[in-house]
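Model, not experiment: these values are computed from the prediction.
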Amino acid sequence: MDLVLTFLVGSIARTDALLLESRQVIGLAAAALLAMLAAHVGWHGTDRLITWRQRPDED
């Protein structure tokens, strides 16, 4: 019985440590993905703004 209890407690501790480590990696990956998305949207937004400002007036 002690062996099973030791195994369960050890397994829970390892799982908790793994989740804490993976949370940092997931956060870093999400931050990188959001930065790339913001750059992409900014690039296209700037492109459209420049195109809109270069149009001749149609009055």
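- One finds the CG atom of Leu8 at 9.5 Å from the CG atom of Leu3 (value rounded to the nearest 0.5 Å).
- Separating the CG atom in Leu20 from the OG1 atom in Thr15 is a distance of 11.0 Å, to the nearest 0.5 Å.
- With rounding to the nearest 0.5 Å, the separation of CG in Leu18 from CZ in Arg23 is 11.5 Å.
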